[in-house]
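Just so you know, these numbers use all the heavy atoms, side chains as well, and skip hydrogens, waters and symmetry mates.
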Amino acid sequence: MTTLDDREVRMIFDGGGHYENDRWWSDYHRRWFPVNFDPAGYAEIHAVQVGTKWGRSFALGFFMQSGVVKRYQFQLKARTSSATWVDAATEFLVLYRGGPEIVPEEKDTIEALDRLHSKATSLGWIPLPQTGIHWYSYAYSHPTVEYD
């Protein structure tokens, strides 16, 4: 095997690919890499409100907080033993009607979650069987690629 330079190492995951049977297929390198799981590499999807669109319902929304369109992001928050960062995010809108704001019945919500899940797996994150406290809190682990 040949030794990989820094750019080629980054491209193992950044260049796309998929995980299968304890190996990672790098689309960029067009070959398989054996992997080990880093117990400290973990990510989970969180929802964060990033804004509000008032539109025609400004007065009602201002006083009642009903009929307000809120902007959210699903964020893939990753962490290791030494750092925490947002690895990817997708935005969606929610019409607030009272009660739980983010419900799985909303088509835009499901599509945004599916987009983020696809992005997470394309970045090399492997879905874990358990989830966090919310229905959308998918959890992931990240493999460490063995290369020379």
Side-chain angles (χ1 to χ4, degrees), residues 1-55 61 65-148:
M1 289 182 153
T2 60
T3 302
L4 302 176
D5 64 27
D6 289 342
R7 181 183 181 283
E8 290 174 320
V9 170
R10 281 194 316 274
M11 291 305 292
I12 290 174
F13 290 112
D14 292 349
H18 65 278
Y19 174 79
E20 182 180 303
N21 300 329
D22 296 328
R23 333 179 272 174
W24 176 261
W25 173 260
S26 170
D27 290 341
Y28 177 80
H29 294 93
R30 302 195 44 80
R31 71 177 180 109
W32 291 102
F33 288 91
V35 298
N36 290 321
F37 283 94
D38 175 2
Y42 176 81
E44 186 174 291
I45 294 178
H46 294 263
V48 178
Q49 184 178 348
V50 294
T52 304
K53 291 181 170 255
W54 293 97
Q65 286 291 305
S66 178
V68 175
V69 177
K70 296 185 178 183
R71 290 177 39 230
Y72 280 88
Q73 276 187 349
F74 281 131
Q75 297 179 346
L76 180 66
K77 291 192 177 179
R79 71 173 185 257
T80 63
S81 56
S82 60
T84 301
W85 68 95
V86 174
D87 207 10
T90 57
E91 195 168 297
F92 60 100
L93 301 175
V94 172
L95 176 62
Y96 179 70
R97 299 181 188 104
E101 293 189 19
I102 304 173
V103 293
E105 292 79 27
E106 297 287 336
K107 182 181 176 192
D108 290 345
T109 303
I110 296 299
E111 288 174 356
L113 186 60
D114 288 345
R115 284 193 313 272
L116 186 54
H117 176 73
S118 294
K119 179 68 175 170
T121 56
S122 75
L123 290 171
W125 290 99
I126 309 302
L128 297 174
Q130 79 274 8
T131 62
I133 60 172
H134 301 288
W135 64 268
Y136 52 79
S137 299
Y138 297 168
Y140 302 86
S141 181
H142 203 288
T144 302
V145 174
E146 296 174 1
Y147 61 89
D148 58 0

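From T90, atom OG1 reaches atom NZ of K119 across 11.5 Å, with rounding to the nearest 0.5 Å. With rounding to the nearest 0.5 angstrom, the CZ atom of R79 is 7.5 Å from the CD atom of E44.
Here the side chains of F92 and L116 are not in contact, with every heavy-atom distance at 4.5 Å or above. Residues P127 and Y138 are not in side-chain contact: their nearest non-hydrogen atoms beyond the backbone lie 4.5 Å or more apart.
Inspection of the H117 and Y136 side chains reveals no N or O donor paired with an N or O acceptor under 3.5 Å.
Checked against E91 for a salt bridge (charged side-chain N to carboxylate O under 4.0 Å, His left out), the options R71, R115, K70 give a single hit: R71.
The aromatic rings of W32 and W25 lie perpendicular to each other, with more than 60° between the two planes, well past the 30° mark.
Looking at residues two or more places apart in sequence or on another chain, you find a side chain to side chain contact (heavy atoms under 4.5 Å, CB included) between V48 and V50, Q75, K77. Under the side chain to side chain contact (heavy atoms under 4.5 Å, CB included) criterion, L128 pairs with Y42, Q130, A139, S141, sequence neighbours left out.
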